Each structure stands twice: as structure tokens, then as C-alpha cells.
Amino acid sequence: MNVFTKSALTFLAATAISTAAFANDNALAEAQSRVDAIAAQLESMGAEVDSSVDLNAASTPAEKEAMLGAKFRELQIQLEDLQAQSAQ
């Protein structure tokens, strides 16, 4: 019975870890998609866009996601400025 309990706990721990890893991958992919989408929108409006993010500088998935979030906010400001200019 003790072996069964250890095996079950090991399986549950592995499942939790892999689920967290997939969640991190999904969050990173979603953040990258947001950056790519706004960059494409800016380019379609004729703006020069630098959508590159050096994710090698980050050591954790949370840091990578934060870097992509910062790039998105930067591009969002660029988009808002471009929209304000075209409205004038």
C-alpha cells in the first residue's frame, strides 16, 4: 500500500508540474500573439515597427511574459499616437 501511495503522489506531482508548464507556454504564446498582432496592425498603417523582444535576457516564464507585455504596451502607445495623428 505504501508503494501505491508514493506512486500516486509522484503521478499527481508530475501532472501538476506539467500542467503549470503548459499554462506558462500558453501564456507566452498568447503574449507573443498580441505583440505580433499589434505590430502587424501598425505595419499595415505604414508605421515602422520593432516588435523584437530578447527573451534570452529573461530567466523565468513570468519575466518573459512581462517583457512581452511591456513591448505590447510600447506598441499600443505607438498605435494610439498614429491614430491620433491620422485623426487630425
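Because the structure is a prediction, the values reported are computed rather than measured.
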Any residue meeting side-chain contact (heavy atoms from CB on, under 4.5 Å) with Asn56, in chain and number order, not counting sequence neighbours:
Asp54

Close side-chain approach of Leu75 and Asp50, heavy atoms under 4.5 Å
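Of all side-chain heavy-atom pairs linking Asp50 with Leu75, none is under 4.5 Å.
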
Are Gln78 and Leu42 close enough that some pair of their side-chain heavy atoms sits under 4.5 Å apart?
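They are in contact (side-chain heavy atoms under 4.5 Å apart), so the answer is yes.
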
How would you list all residue pairs meeting side-chain hydrogen bond (donor to acceptor under 3.5 Å, both in side chains) that involve residues 63-73, not counting sequence neighbours?
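Matches after skipping sequence neighbours: Ser59-Glu63, Lys71-Glu74.
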
Let me confirm one number: the OG-CD1 distance from Ser33 to Ile38, rounded to the nearest 0.5 Å.
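That separation rounds to 13.0 Å.
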
side-chain contact (heavy atoms from CB on, under 4.5 Å) for Leu55 and Leu68? Distances and angles first, verdict last.
CA-CA 8 Å; Leu55 296 178; Leu68 287 166; 4.1 Å; yes

Consider only side-chain N and O atoms of Gln32 and Asp36, and report whether a donor and an acceptor are under 3.5 Å apart.
yes

Give the minimum heavy-atom separation between Ser51 and Val35, together with the two atoms involved.
O-CG1, 3.8 Å

Please list every donor-acceptor pair under 3.5 Å in which a side-chain atom of residues 79-88 meets a protein atom from a residue at least two apart or in another chain.
residue : atom : partner : partner atom : Å
Glu80   : OE2  : Gln76   : NE2          : 3.4
Ser86   : OG   : Leu82   : O            : 3.4
Ser86   : OG   : Gln83   : O            : 3.0

